[in-house]
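Step one of this worksheet: look at the structure below.
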Amino acid sequence: MNNTFTTTVGALLLALASSTPSIAWSAGAVAPASATTPNAQLIRQGEYLARAGDCIACHTAGTKGKPFAGGLGMETPIGKVYSTNITPDKKAGIGDWSFADFDKLMRTGVTKHGYTVYPAMPYPSYSRLSEADMQALYAYFMHGVKAEPTPNKAADIPWPLSMRFPLTIWRWAFAPTPQPYKVPATGDAQLLRGAYLVQGLGHCGACHTARGVGMQEKSLTDAGNTTFLAGGGVIDGWSVPSLRNEHGGGLARWSAAEIVEFLKTGRNSHTASFGAMNDVVAHSMQHMTDGDLAAMAKYLKSLPPSNPATPAFVADDKLGKQLFSGIVNSTGAQLYLDRCAGCHRSDGKGYDKAFPALAGNAVLQTNDPTSAINIVLSGGAVPATRTAPSALTMAPYADIFTDEQTAQVVTFIQTSWGNRGTPVTAAQVAKVRKLSVPVEPSQTEATFAAGRHGTFPPVPRAPHLKDAPLK
């Protein structure tokens, strides 16, 4: 009985890994309106916060689903759970919820009906929202969202694993004491604002912070630790990098302006977005004000490294010159020259914001090659945004490269031009291949409207070719 209980609790808590990244405060800037007649300014503020929090990504079932009507499936080790309808429909949604009901759910994870939600909803982060922002969100969902009667789906989890009391125990053990955020009397206003956005509705730590034995975030703030935002595990086939000001996978080589550029457009001179981050950029951060993005960037740059001893990237141009001259010393180098150099160049520097640099790319400086492998297998895509309207796509190579060939080319990329990544094995590639989902050939904002690539099981496809043809 004790073993069953422990297994049940542990398995249920793994649902937390299905969270989605994003942002918000207003520190009392907008006075709460009445529940029946909120003013237009309050609703607009709530819409901004909902955009910032990327609420639509989880609460809409794919590109064909109704906005905020729920139904997006999230895989867990014990079955699939579905996001809920949060439109103002009185039967299927939250139309009969009072502000107190809404506030209680957002801060404690407990619904109007008294049960605890799966921690795929990052209420430990939402609990930090200010009273004014919570009022604005409530006003928007009650008066700015179209009511949809789409019924909620029951989780595909068999009894007794479907019992919710372990979720209550998890909440007691790991969720913080909920209390509305209050602006400190002293401190750098921009830095405080950035911390509020990142730690609160943004719930950036849900993906970018490591987890403990109970699948809880090891830290929800940066207070007294360097664990917060130092990188998470693998989610949907993508390794989650550090957001701290550090080398070896972090943001040390990025300026605050370059962080803002990435959040706003999904690209900068160092890299391009991929995986779940595409949704965050397309439907959340590109809609943030420049002031809020700058505040977030300042806060991230203020976080000291989790491992100060990690050496910085030092560029080495010898290999690039050899490739440019046609000198090829390995199979990985040959595959790269044939398939990759046309866009990423022989020196790995890419073409600014069109084709991302590989030399010095933070993703390639760690011991976890998962994302590099997945990009080669699945391809990559950078969404179109208002200020960077070109949607760029890299074709997948899963049907062209074998596991061994993929390992060789990724090893070459991870260890060339001064990169400090590690060699890759065919076994590692085979593991990632099981989760890889090819990118769609045409990438528009609607492509990222709801649901992340990789959330659903991979689509069956023809076996990959045994040998990669060389040009």
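Computation of the quantities below employed the complete heavy-atom set of this structure, encompassing side-chain atoms and omitting hydrogens, waters and symmetry-equivalent molecules. Position 1 is the first residue of the sequence; numbering continues from there.
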Spatial distance of atom [atom1] ([X]) from atom [atom2] ([Y]) [nearest 0.5 Å]:
{"X": "Lys264", "Y": "Thr289", "atom1": "NZ", "atom2": "OG1", "answer": "9.0 Å"}
{"X": "Ile94", "Y": "Asp89", "atom1": "CD1", "atom2": "CG", "answer": "10.5 Å"}
{"X": "Gln199", "Y": "Tyr299", "atom1": "CD", "atom2": "OH", "answer": "4.0 Å"}
{"X": "Leu243", "Y": "Ile259", "atom1": "CG", "atom2": "CD1", "answer": "8.5 Å"}
{"X": "Asn419", "Y": "Asn361", "atom1": "CG", "atom2": "CG", "answer": "7.5 Å"}
{"X": "Leu137", "Y": "Leu49", "atom1": "CG", "atom2": "CG", "answer": "5.0 Å"}

Counting distance only, does the side-chain N/O of [X] pair as donor-acceptor with the main-chain N or O of [Y] below 3.5 Å?
{"X": "Arg244", "Y": "Gly250", "result": "no"}
{"X": "Thr209", "Y": "Glu217", "result": "no"}
{"X": "Asn85", "Y": "Thr150", "result": "yes"}
{"X": "Asn268", "Y": "Thr271", "result": "yes"}
{"X": "Ser284", "Y": "Ala52", "result": "yes"}
{"X": "Gln41", "Y": "Asn39", "result": "no"}
{"X": "His344", "Y": "Leu358", "result": "no"}
{"X": "Gln286", "Y": "Thr265", "result": "no"}
{"X": "His208", "Y": "Val240", "result": "no"}

Derivation and outcome, ring pair (Phe, Tyr, Trp, His ring centres under 6.0 Å), residues Phe262 and Trp254: CA-CA 10 Å; Phe262 177 79; Trp254 296 21; 5.4 Å; yes
Between the side chains of [X] and [Y], is a donor N or O closer than 3.5 angstrom to an acceptor N or O?
{"X": "Thr84", "Y": "Asn152", "result": "no"}
{"X": "Ser371", "Y": "Asn374", "result": "no"}
{"X": "Thr366", "Y": "Asp368", "result": "no"}

In sequence, state the C-alpha distance, the side-chain angles, and the governing distance for His247 and Phe313, and then conclude on ring pair (Phe, Tyr, Trp, His ring centres under 6.0 Å). CA-CA 7 Å; His247 296 290; Phe313 166 79; 9.5 Å; no
Measure the shortest side-chain to side-chain distance between [X] and [Y] over non-hydrogen atoms and say whether it is less than 4.5 angstrom.
{"X": "Trp170", "Y": "Thr116", "value": "no"}
{"X": "Met296", "Y": "Met285", "value": "yes"}
{"X": "Ile373", "Y": "Val424", "value": "yes"}
{"X": "Tyr48", "Y": "Asp292", "value": "yes"}
{"X": "Tyr138", "Y": "Met106", "value": "no"}
{"X": "Thr370", "Y": "Trp238", "value": "no"}
{"X": "Ile56", "Y": "Phe68", "value": "yes"}
{"X": "Val145", "Y": "Pro67", "value": "no"}

Does [atom1] in [X] sit with more than 12 non-hydrogen atoms of other residues, nucleotides or ligands closer than 6.0 Å?
{"X": "Lys146", "atom1": "NZ", "answer": "no"}
{"X": "Lys66", "atom1": "NZ", "answer": "no"}
{"X": "Lys301", "atom1": "NZ", "answer": "yes"}
{"X": "Asn367", "atom1": "CG", "answer": "no"}

Show the nearest heavy-atom pair for residues [X] and [Y], with the distance to one decimal.
{"X": "Lys349", "Y": "Ala357", "result": "O-CB, 3.4 Å"}
{"X": "Ala92", "Y": "Pro149", "result": "CB-O, 3.7 Å"}
{"X": "Phe228", "Y": "Thr221", "result": "CB-O, 3.2 Å"}

Dump the intermediate steps for side-chain contact (heavy atoms from CB on, under 4.5 Å) on Leu105 and Tyr123, then the final yes or no. CA-CA 8 Å; Leu105 172 67; Tyr123 60 86; over 6 Å; no
Do the ring planes of Phe99 and Phe102 sit parallel (below 30°), tilted (30 to 60°) or perpendicular (above 60°)?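 Plane angle between 30° and 60°, so tilted.
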side-chain contact (heavy atoms from CB on, under 4.5 Å) between Leu392 and Arg267, intermediate numbers included: CA-CA 10 Å; Leu392 304 175; Arg267 62 200 85 178; 3.8 Å; yes
Asn278 and Ser273: CA distance, side-chain angles, deciding distance, side-chain hydrogen bond (donor to acceptor under 3.5 Å, both in side chains) verdict: CA-CA 6 Å; Asn278 283 339; Ser273 64; 2.6 Å; yes
Test side-chain contact (heavy atoms from CB on, under 4.5 Å) on Leu300 and Leu251; report intermediate values, then the result. CA-CA 8 Å; Leu300 294 178; Leu251 304 179; 4.2 Å; yes
Could you give me the CA-CA distance, side-chain angles and deciding distance for Lys353 and Ser390, then say whether side-chain contact (heavy atoms from CB on, under 4.5 Å) is met? CA-CA 10 Å; Lys353 301 172 187 67; Ser390 298; over 6 Å; no
